[in-house]
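Structure, as structure tokens:
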Amino acid sequence: EAQQAKILLRSVNDKSSPNAFLLNPDVLKEISEMEPPIRVIAAVGNARVGKSTFLNLVGHILDEKRTSSVIEEVFKTGASMKAVTRDVWAYIIRQKEGSMLLLDVEGTDLGDDTVTDRLSMFTAMMSSRLNVFAVDVVGNADTDFLYRMARLSYLVFKDKNILDHFPKLQIVLRTNLGSDGDYNFEEIISGEAHKGKEGKMEMIYKFFPKDSIAVARIPYVHNSAQLFRDQKVLENSSAWKAFKTAIEKIKESPKKKNF
């Protein structure tokens, strides 16, 4: 049985420490002991878009030591519309050559905008492959988050070339629209998120070059609780091809050069 994900960073929002955050020293120690090369895979986006379910599948398929087709729930998921993930959670996969760190964060549409935004920003900047989950199209909230991340990096590292240390971006598009195949990032941006915002898009492309942005399409599925319980069941479904393609792109994630 696989170990469970552990909390890496949590918000400490009380009267004595407003808007403060606390790192888990035990998880930091485990991260410091990871064998290189290290790849850090992060999932960011609204609540209830399948981030935790997707990371569970990634963790299962990329775990070279697994002996069963049963997909363990290392990140908690839920069948209701109520959000499950809060704060930032981490799960380490030790491979024959190197290690992989999976990071899951609470939905960007939950609670205090400042707190959730900082949690997502931390998660994104920790990663070497940033997966931003979007529904049908990349909307205002998605591009605004990428802009804030790029703008902050520009202000902090203005005179330094940090592109080699910046995460590579993949949009994970949850949709039953369209067809299989490669997607262009600009083709999936909603009109509202793009029109009149050329300056914001220019800042985004400064840190996420347009031709380097990957797009993975994964469909909504019925009976997801049963489908994502066992890999053999998933492989016999019409959804398998899309999920397999998305995870193949995860395998190609760049190495994390430093934390």
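Note: hydrogens, waters and symmetry copies are ignored here, and every other heavy atom, side chains too, is used. Sequence positions, counted from 1, serve as the residue numbers for this chain.
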Exercise. Between Val40 and Arg129, is a side-chain contact (heavy atoms from CB on, under 4.5 Å) present by the stated rule, with each step listed?
Worked result: CA-CA 6 Å; Val40 184; Arg129 168 73 76 183; over 6 Å; no

Exercise. Does Arg174 count as lying over the ring of Tyr220, i.e. NZ or CZ under 6.0 Å from the six-ring centre, within 45 degrees of the axis?
Worked result: yes

By ring-ring contact (aromatic ring centres under 6.0 Å, His included), which residues pair with [X], not counting sequence neighbours?
X: Phe243; result: Phe228
X: Phe122; result: none
X: Tyr147; result: none
X: Phe208; result: Phe166

So how far is it from [X] [atom1] to [Y] [atom2], rounded to the nearest 0.5 Å?
X: Lys29; Y: Ile31; atom1: NZ; atom2: CD1; value: 12.5 Å
X: Thr116; Y: Met121; atom1: OG1; atom2: CE; value: 10.0 Å
X: Asn140; Y: Phe145; atom1: CG; atom2: CZ; value: 15.0 Å
X: Arg148; Y: Ser120; atom1: CZ; atom2: OG; value: 8.5 Å
X: Ile218; Y: Phe133; atom1: CD1; atom2: CZ; value: 5.0 Å
X: Thr175; Y: Asp136; atom1: OG1; atom2: CG; value: 4.0 Å

Problem set entry | Intermediate values then yes/no, side-chain contact (heavy atoms from CB on, under 4.5 Å), Tyr205 and Ile213 | CA-CA 9 Å; Tyr205 290 145; Ile213 301 175; 4.1 Å; yes

Exam field: side chain [X] to backbone [Y], donor-acceptor pair closer than 3.5 Å:
X: Arg39; Y: Ser253; value: yes
X: Asn56; Y: Glu73; value: no
X: Glu35; Y: Gly98; value: no
X: Glu64; Y: Lys96; value: yes

With the side chain counted from C-beta on, respond yes when [X] and [Y] share a heavy-atom pair under 4.5 Å apart, and no when they do not.
X: Glu235; Y: Lys241; value: no
X: Val132; Y: Val172; value: no
X: Ser128; Y: Pro167; value: no
X: Phe207; Y: Leu146; value: no
X: Met125; Y: Met149; value: yes
X: Gln3; Y: Val74; value: no
X: Val88; Y: Ile7; value: no

According to side chain to side chain donor-acceptor pair (under 3.5 Å), who are the partners of [X], at least two apart in sequence or on a separate chain?
X: Gln95; value: none
X: Asn131; value: Gln170
X: Lys168; value: none
X: Glu248; value: Lys251

Please report the shortest heavy-atom distance between [X] and [Y], naming the atom on each side.
X: Ala124; Y: Ser127; result: O-OG, 2.6 Å
X: Ser52; Y: Thr77; result: CB-CG2, 3.8 Å
X: Met201; Y: Thr143; result: SD-CG2, 4.4 Å
X: Lys255; Y: Pro37; result: CD-CB, 3.6 Å
X: Phe21; Y: Ser11; result: CD2-CA, 3.8 Å
X: Ala43; Y: Asp104; result: O-OD1, 4.3 Å

For this session: Would you mind telling me which of Val49, Asp142, Leu173, Asn46 makes a side chain to side chain contact (heavy atoms under 4.5 Å, CB included) with Val135?
Result: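 Looking at Val49, Asp142, Leu173, Asn46, the match for Val135 under the side chain to side chain contact (heavy atoms under 4.5 Å, CB included) is Val49.
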
For this session: For Asp87 and Glu106, run side-chain contact (heavy atoms from CB on, under 4.5 Å): C-alpha distance rounded to whole Å, both residues' side-chain angles, the deciding distance at 0.1 Å, then the answer.
Result: CA-CA 5 Å; Asp87 301 311; Glu106 68 179 53; 4.1 Å; yes

Problem set entry | Side-chain donor-acceptor pair present, Glu72, His60, cut-off under 3.5 Å |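 Distance-only check fails for Glu72 and His60.
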
For this session: Is it possible for you to say whether Val137 and Ile171 belong to one hydrophobic cluster, with membership spreading through side-chain heavy-atom contacts below 4.5 Å?
Result: no

For this session: Indicate if Leu234 and Leu62 have the same hydrophobic cluster label, given that clusters are the connected sets of ILVMFWY residues with side-chain heavy-atom separations under 4.5 angstrom.
Result: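 Yes, same cluster.
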
Using side chain to side chain contact (heavy atoms under 4.5 Å, CB included) as the criterion, list what pairs up with [X], not counting sequence neighbours.
X: Gln226; value: Asn223, Arg229
X: Ala90; value: Leu8, Val27, Leu101, Leu103
X: Asp230; value: Ser69, Val70, Lys232, Val233

For this session: Check whether more than 12 heavy atoms from other residues, nucleotides or ligands sit under 6.0 Å from atom CD of Glu33, and answer yes or no.
Result: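 For Glu33, atom CD is crowded (more than 12 foreign heavy atoms under 6.0 Å).
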
For this session: Give the C-alpha distance, both sets of side-chain angles, the deciding distance and a yes or no for side-chain contact (heavy atoms from CB on, under 4.5 Å) between Tyr154 and Met203.
Result: CA-CA 8 Å; Tyr154 174 76; Met203 178 61 69; 4.0 Å; yes

For this session: Could you check Glu186 against Lys210 for salt bridge (charged side-chain N to carboxylate O under 4.0 Å, His left out), going step by step and ending with a plain yes or no?
Result: CA-CA 8 Å; Glu186 291 205 323; Lys210 190 186 307 184; 3.5 Å; yes

For this session: Take Glu202 and Lys206 through the test salt bridge (charged side-chain N to carboxylate O under 4.0 Å, His left out) and record every step on the way to the result.
Result: CA-CA 6 Å; Glu202 183 180 351; Lys206 188 183 295 289; 5.3 Å; no

Exercise. Hey, mind stepping through Lys200 and Asp144 against salt bridge (charged side-chain N to carboxylate O under 4.0 Å, His left out) and telling me if it holds?
Worked result: CA-CA 8 Å; Lys200 282 191 174 182; Asp144 285 350; 3.2 Å; yes

For this session: State which residues pass salt bridge (Lys or Arg N to Asp or Glu O under 4.0 Å) with Glu30; sequence neighbours excluded, sorted by chain then number.
Result: Lys6

